[in-house]
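This report refers to the structure that appears directly beneath it.
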Amino acid sequence: MNIRPLGDRVVIKKLEAESTTKSGIVLTGTAKEQPQEAKVMAVGPGAVVDGKRVEMDVKVGDKILYSKYAGTDVKVAGEEYIILRQDDILAIVE
């Protein structure tokens, strides 16, 4: 991947939605709830506030939860990614 986000932006890749329920029912593509869980693929250097660089809280490889309508969908080399601001990340999944 050749995307280098700027400022406090983060490039993420959505994790696949569950295709079966706990009881074993197979869900079709339209019945699946879109996941808000993703893996961090690239991280910008951080925002500049009052002339000082603010470090990012996330790093490449982190599994995160993000806001439902956050970010911009992009397609690079046939792969789909979302670029969003760090403020749109709700939590890091540990």
Side-chain angles (χ1 to χ4, degrees):
M1 177 181 72
N2 295 331
I3 302 175
R4 185 172 49 105
L6 303 175
D8 67 340
R9 290 181 178 81
V10 178
V11 178
I12 62 173
K13 185 170 178 109
K14 279 186 188 180
L15 297 177
E16 292 298 317
E18 293 287 329
S19 59
T20 57
T21 64
K22 289 181 182 179
S23 60
I25 298 172
V26 177
L27 300 173
T28 63
T30 56
K32 292 181 197 175
E33 185 174 326
Q34 289 297 317
Q36 288 174 259
E37 204 169 341
K39 181 178 179 184
V40 176
M41 305 303 288
V43 178
V48 176
V49 178
D50 295 328
K52 295 181 182 178
R53 176 94 41 204
V54 178
E55 282 190 39
M56 300 290 279
D57 293 326
V58 296
K59 62 186 180 310
V60 174
D62 281 348
K63 191 173 175 183
I64 57 126
L65 298 175
Y66 62 97
S67 297
K68 196 168 202 160
Y69 300 106
T72 302
D73 295 333
V74 295
K75 196 171 197 175
V76 177
E79 293 286 329
E80 293 184 11
Y81 300 98
I82 299 172
I83 299 176
L84 49 79
R85 292 190 175 274
Q86 180 173 251
D87 290 345
D88 293 325
I89 296 174
L90 304 173
I92 298 173
V93 179
E94 296 179 343

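No side-chain heavy atom of M41 sits less than 4.5 Å from a side-chain heavy atom of I3.
Counting side-chain heavy-atom gaps under 4.5 Å among Ile, Leu, Val, Met, Phe, Trp and Tyr, the cluster of V49 also holds V54.
Interatomic distance, CZ of R9 versus CZ of R4, reported as 13.0 Å (0.5 Å rounding). Taking CD1 from I12 and NZ from K39, the interatomic distance works out to 13.0 Å, rounded to the nearest 0.5 Å. In this structure, CD1 on I64 lies 10.0 Å from CD on Q86, to the nearest 0.5 angstrom.
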Verdict with supporting geometry, Y66 and I82, side-chain contact (heavy atoms from CB on, under 4.5 Å): CA-CA 11 Å; Y66 62 97; I82 299 172; 3.6 Å; yes
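Within the structure, salt bridge (charged side-chain N to carboxylate O under 4.0 Å, His left out) contacts touching residues 76-91 (residues at least two apart or in different chains) are D8-R85, K13-E79. The stretch residues 49-65 participates, sequence neighbours left out, in these side chain to side chain donor-acceptor pair (under 3.5 Å) pairs: E37-K63, K59-D62.
Note on I92: it clusters hydrophobically with M56, by side-chain heavy-atom contacts below 4.5 Å among ILVMFWY residues. One hydrophobic cluster, built from ILVMFWY side chains closer than 4.5 Å, cannot hold both L90 and V58; they sit in different ones.
Contact record, P5 with P45: O-CD, 3.7 Å, taken as the closest heavy-atom pair. When all heavy atoms are compared, the tightest approach of V43 to V60 is CG2-N, 3.9 Å.
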